[in-house]
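The chains referred to below are lettered A, B, ... by the order of the sequence lines, with proteins before strands, and numbering in each begins at 1.
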Amino acid sequence: MKKRIEKALNDKMQVKLPEELEKEAIMQQLESPVQAAPEKKKKKAYAKILIPLAASLALVIGIAGMFPEINKNIEELDNSNTSQNQVVNVTDYDVIYKKFNKMKSEYADDLMDDEILFGKEESEITESMNTGNTTVNESAGGTGADDTGDSWKAFGETNRQEEGVDEGDIIKTDGRYLYVITSGVERHFTIIDCAEDKMTKTADVKFDEDMSISELYVYGNYAVIIGQKYDYDGYGVYNGAVYDCVMMSGDTTVRVYDISDKTAPKSAKEFTQQGLCTSTRMIGSKLYCVSAYNVNLYAENIEDVCIPEITVDGVNRKLPADSISMIDGTDYPSYAIISAYDVIEKGEPKTDAVLGNSQSIYVTTDYFFISETCYEKSAEITKIYKFGYTADGVKFEACGKVPGYLNNQFSLSYNGTHLRVATTSNQWTVEKTTNGDTAMPDAAVSSSVNNTQNALYILDNDMKQVGKVDNLAPGERIKSARYIGDMAYVVTFRQTDPLFAIDLSDPANPKVMGQLKITGFSEYLHPFAENLLIGIGRDGTENGTNGDCKVCLFDVSDPANPTEASKLTVMNGKGYCWTEMGYNHKVYIKISDTDFAVPFGTDSYINSGEHNDCVYIRYRVENNRLTEVARYSMGRYFTALGGTFIEKTFYTVAASPEGKMQIISFNLDTNSETGRISI
Amino acid sequence: MKKEMRNLIQSAISNDKDAFGTLYEIYSADMYRFALSMCKNTFDAQDAVQETVLSVFKSIHGLKNPDKFKSYLFSSLSNTCKRKLSENKYTVELQDEMYVDSEIEFSIPVREALSKLDEDSKQILMLSIVGGFKSREIGEMLRLSANTVRTKQKRALQKMREELSL
């Protein structure tokens, strides 16, 4: 439907720019407001684009000229030796200074001298460690921490990718209390006592306005909260609202609270590292925090900013040279910073950095992987940095690279000897638009990426490629992947959903065992029981998606012939529906060995009038069959952010249309709503 | 985002006026189309684009992630349009002139269908169709949840479809 309206609008809204808005007129206007800006010489790198642009449609030609090489480049990458992955030994800061001075001269030979735009004053970093303001709710009943003597058996845990590696969430429980962080209009850390199925707020820590809190862990009597402070610049605020879309840098703070007194969490310790948080994990009592620090090449003195710093108890210190790793050939001024922090033990975090970006992390108890997708020889490649564990932190070991980009952390899996990586590669072509004009570059990029290919690569412990399967579903892209033992299950999509089952037992020779073509596609795959895989995603017909969502059960007992054992749709084709599942696996809640719940937003437009709802749907798997048990409705225009359960009560965190956060509880026996509090 | 595009934005951020001009050229038609659909008349639309370009040019040095340039441009344009609407609440009489302007083939059914949408829905729909943004991106720009954006967009499309009998 959108396509048709889009077409109607495009056909009927052909506009001609008025003279005043022609580029020349605008360029003239630009002269006046920034008189102070001195004439700058153009960068060499851009000259190539700018000159052909004079002849109006040349940028596209420029890009088009580049595309045919990409296939070749992928081949080259595939066969390239690892000479580019040589680790440069950093013995002192001089090596780093030299590197950044070189980058600075390459990237930025025309700097703005009048303004330092990206520099971060040290005081700002200290300020970022705001102190939480603890308020105790008066209605809290005495010392809620006392053990009531009840035996709390079953309660929810965050849906994790790897056994033994906890992932941060917005809600955690210890079987009696709920611990919740909210980052809406206001930022809070709230503790809620759930004794006797009632929700009573016992404590509420309010965070500074400019601190956004993203992840929470609870370990024994400690709660760990990951917060980020964005470095807003220039145009960040309009009408009092701060736009996330313009912020690019900031700091990440890890704060540990002692929560032994549930009515008064005490800020126990904290540290701050540069860069926005990529992700975190927790193994035992040790927290691992990864951030991406973009070095400001425009700083007055590059040597002041090119060594990452951490701040512990208000004191800044630069990372020692031997904690910094560089790989030959990296030319992007960004660090992946990784800190290991024991939340119980006294002591400072152990922080390491590797020159390179960090976009996604994948962590097992064996190794810690950080990945970034970047361009090399105008092809998209994914670099994966591998770290091993030491007594106090991590140590960079190797870097590998594969063509294409990752769908998410589930595209990676390490089985003790090999890292398996599923990627999609774009092969670009430029199409002409219907009226004969060559499409604008951006449009060309978004509308013409129809030649994709998917592959699965196997890397050894030195991060060298030992095997691959490629040319999977050309023209489609990977929507989800999951590994179980020696099998990989990969879902790709263009119009229908093939589920590939790939046997990886011989790393040098992975083989596609079977594939199942069904309608729609799964955005998330969850190993449910032996030989059963749950797929959650969009429903569809032979011609593509139909607006509905589906939950299905794949039987993979015969790897060569995966089958769809059972399938349920959310709206039965009578409406539109969506789920967060595809980009946030933590909203999946395991309730028992047979039951799980997944959130959906629904919109049905039958019977005239609107009916919008936000529901957690509880499903059950029995005898290879999927049934819907109940729908827990949060309300119109609500957004489900996560949930958990304690014994017989299911709790969800949901945002109201105004952005206010609520916890809503449901009885798992009667399936009715039992309570609702605002936090 | 393509490397060339990113490079171009990066040089615009480093105050390279030519690069900025090129970026403007790339987005100008979409910006004007967006402004036309939001504003009540061509004058306001034209003003909104001009003001936005100048203000973005002045503030672009603060942009740190080149990938967000387009969001930045359109959220800024969208805000300017909304401001224009509130400033010119009482200049409705100009409305019709927009559509007799010979340079614009803005068909009557589309105009009418659009005029039946409330401001927010129109903004969301146009950010999605003209700007090509995803619900999540629009949500970030407007501080709405992605769900609200999707619902509003869905409903706006539904309404448009009925109006245009598609």
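Rounded to the nearest 0.5 angstrom, B:D47 CG and A:E20 CD are separated by 9.5 Å. A distance of 9.5 Å separates CE in A:M27 from CD in B:E25, rounded to the nearest 0.5 Å.
Closest non-hydrogen pair, A:L21 versus B:Y32, comes out as CD1-CD1, 3.4 Å.
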